[in-house]
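First the structure, in the form of structure tokens, and then the observations on it.
These values consider heavy atoms only, across backbone and side chains, with no hydrogens, waters or symmetry-generated copies.
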Amino acid sequence: MKHFLQFKDFTQEEFDYLFQRTRHLKALFKSYTIYHPLKDRMLAMVFEKHSTRTRVSFEAGIHQLGGSAINLTTGETQLGRGEPIEDVARVVSRMVDIVMIRTFDQSIIERFAVHSRVPVINGLTNQYHPCQIMADIFTFMEQRGSLAGKTVAWVGDGNNMCATWLQAAALFGFQLHVSTPHGYALETQAATSEELAHLSVFADPMNAVRGAHLVTTDVWTSMGYEAESEVRREVFADFRVDEEMMGQAHPEALFMHCLPAHRGEEVSAGVLEGVQSVVWDEAENRLHVQKALMEYLLLGRLETT
């Protein structure tokens, strides 16, 4: 049994397989071909953080594979009344086949996984967002091919997305340029020496983006930090990805954003809606990579015909 709690839980070879399956499953979806390998399988979705894309993509995904989903929120379960996460894991994992958790600290999902009898997927924590980076890399591969030897520029908060990009850089052999305001840097205490070898930090976001093949960002205020919103708007004012900044990137550079986006804050409307933006493909691909992920965790490797 495997879990997917952070990006580096899988090898590059496993990701190569998952992306192969993603292409296959997406092609089936586009051709309206019914494919139900997970018939009668049940996914439990545990939300301690609200979501739109995560819920829709996982719930639609398990349904398209023939299974069903149960949506559990803190307010609707004993989690909201202080039941230990270990007890929830012991009970829920006896009743379902796979679990996705979207929560706060990474330790919560790790504690759940230790006591779970079924695979556990990280739908987002404060530290990592591995499903989103899977979708982002797959989207780049669809549009431009391999990321190996390329440069990804991250502009903005050094958050869970940025930390997951760093793990991916070491696995896929690309360079990660990071530019954050002072006081919002990417924390690298948990990073390996190999990961750090793929990281370059820039004070000026224009320098970080120069020559990059992919430019990506996120909201200035992540969920759980809303009290800092006004301060962050001032501090992050020079870290907006706009047309001038994208002009510093490679001529064929793509722009990505995990959404929701605040036009005029972390990204200009022109960039978000522009020809270099692939945010809508990126959002759809959450559905397809997660289908491949659930299929793999429950059935192992399958032959793609």
Side-chain angles (χ1 to χ4, degrees), residues 1-10 14-15 18 21-22 25 37-80 83 85-136 138 160-161 164 223-224 258-259 282-300:
M1 183 179 71
K2 292 182 70 72
H3 302 298
F4 188 50
L5 307 184
Q6 52 183 299
F7 198 85
K8 64 182 179 183
D9 284 344
F10 289 170
E14 285 179 297
F15 281 116
L18 286 168
R21 290 301 298 171
T22 299
L25 295 174
L38 302 185
K39 183 179 180 180
D40 295 329
R41 300 295 186 101
M42 182 66 70
L43 164 69
M45 304 185 298
V46 182
F47 287 99
E48 292 195 289
K49 282 191 173 187
H50 298 302
S51 171
T52 300
R53 278 150 293 277
T54 297
R55 178 174 177 181
V56 173
S57 58
F58 270 106
E59 191 164 346
I62 193 70
H63 175 76
Q64 290 169 20
L65 295 175
S68 302
I70 300 173
N71 181 46
L72 303 171
T73 65
T74 302
E76 297 169 338
T77 67
Q78 295 298 328
L79 281 170
E83 183 175 11
I85 197 73
E86 292 83 357
D87 292 358
V88 177
R90 289 184 178 104
V91 173
V92 170
S93 66
R94 286 172 177 259
M95 300 178 180
V96 302
D97 300 284
I98 189 168
V99 177
M100 184 282 299
I101 303 178
R102 184 178 172 94
T103 187
F104 293 89
D105 195 78
Q106 182 75 10
S107 65
I108 296 172
I109 197 168
E110 290 174 353
R111 286 160 53 200
F112 190 104
V114 167
H115 294 87
S116 174
R117 297 169 62 158
V118 300
V120 178
I121 298 171
N122 181 352
L124 174 143
T125 64
N126 288 348
Q127 286 75 33
Y128 301 111
H129 199 357
C131 290
Q132 182 65 57
I133 301 305
M134 275 188 68
D136 293 1
F138 179 77
N160 51 1
M161 285 284 293
T164 310
M223 197 178 304
C258 62
L259 304 177
E282 177 190 5
E284 179 192 335
N285 283 333
R286 281 286 300 277
L287 169 68
H288 305 301
V289 298
Q290 288 164 189
K291 285 191 293 187
L293 176 62
M294 290 188 287
E295 180 192 67
Y296 176 59
L297 290 174
L298 287 173
L299 302 180

Check whether any side-chain heavy atom of I101 lies under 4.5 Å from a side-chain heavy atom of V120, and answer yes or no.
yes
In this structure, CD1 of I121 is separated from CG of L293 (nearest 0.5 Å) by 4.0 Å
For V118 and S116 the tightest heavy-atom approach is O-OG, 2.7 Å
Discussion item. Does N126 form a side-chain contact (heavy atoms from CB on, under 4.5 Å) with N160? I'd like the steps, not just the answer.
Written reply: CA-CA 6 Å; N126 288 348; N160 51 1; 5.8 Å; no
Please state whether the rings of F15 and F7 are parallel, tilted or perpendicular, taking 30° and 60° as the class boundaries. parallel
Output for pair (S57 OG, E284 CD), nearest 0.5 Å, gives 11.0 Å
Quiz item: Do Q6 and E110 have side-chain heavy atoms sitting under 4.5 Å apart?
Solution: yes
Sorted by chain and number, sequence neighbours left out, salt bridge (charged side-chain N to carboxylate O under 4.0 Å, His left out) with R117 holds for none
In terms of heavy-atom contacts, L43 and F58 come closest through CD2-O, 3.8 Å
* Asked: Are any non-hydrogen side-chain atoms of I70 and M95 less than 4.5 angstrom apart?
  -> no
Exercise. Can you list the steps and then say if H288 with L25 is a side-chain contact (heavy atoms from CB on, under 4.5 Å)?
Worked result: CA-CA 7 Å; H288 305 301; L25 295 174; 5.5 Å; no
Correct closest heavy-atom pair for S93 and H115 would be OG-O, 4.0 Å
Legend entry - Sub-4.5 Å side-chain heavy-atom contact between I85 and I109: no
Rounded to the nearest 0.5 Å, the SG atom of C258 sits from the CD1 atom of I133 at a distance of 8.0 Å
In this structure, CE of M294 is separated from CZ of R41 (nearest 0.5 Å) by 12.0 Å
Heavy atoms of R286 and A135 approach each other most closely as N-CB, 3.7 Å
### Query
Any donor and acceptor pair, going by atom type alone, linking the side chain of H129 with main-chain N or O of M161 inside 3.5 Å?
no
To the nearest 0.5 Å, atom CE of M134 lies from atom CD of Q290 at 8.0 Å
Counting only N and O atoms by type, is there a donor-acceptor contact under 3.5 Å from the side chain of N122 to the main-chain atoms of F4? no
Practice problem: Let me see the working for T164 and Q132 under side-chain contact (heavy atoms from CB on, under 4.5 Å), right down to the final yes or no. | Solution: CA-CA 9 Å; T164 310; Q132 182 65 57; over 6 Å; no
*Within the 6.0 Å centroid threshold, strictly below: F10 and Y296*: yes
Separation between CG (L72) and CD (E48), nearest 0.5 Å, reads 11.0 Å
**Message:** Is a donor from one side chain sitting under 3.5 angstrom from an acceptor on the other, for Q127 and D105?
**Reply:** yes
What one should report as the nearest heavy-atom pair of P119 and L297 is CG-O, 3.7 Å
Query raised in the report: Going through the checks in order, is the side-chain contact (heavy atoms from CB on, under 4.5 Å) test met by I62 and M45?
Result: CA-CA 11 Å; I62 193 70; M45 304 185 298; over 6 Å; no
Taking the side chain as C-beta and beyond, is there a heavy-atom pair between E14 and K2 under 4.5 Å?
-> yes
* Kindly say whether L5 contributes a backbone atom to a donor-acceptor pair with the side chain of D9 at under 3.5 angstrom? => yes
In the structure I gave you, are the side-chain heavy atoms of L124 and T54 within less than 4.5 Å of one another anywhere? no
Looking only at heavy atoms, the pair that brings T22 and V289 closest together is OG1-CA, 3.6 Å
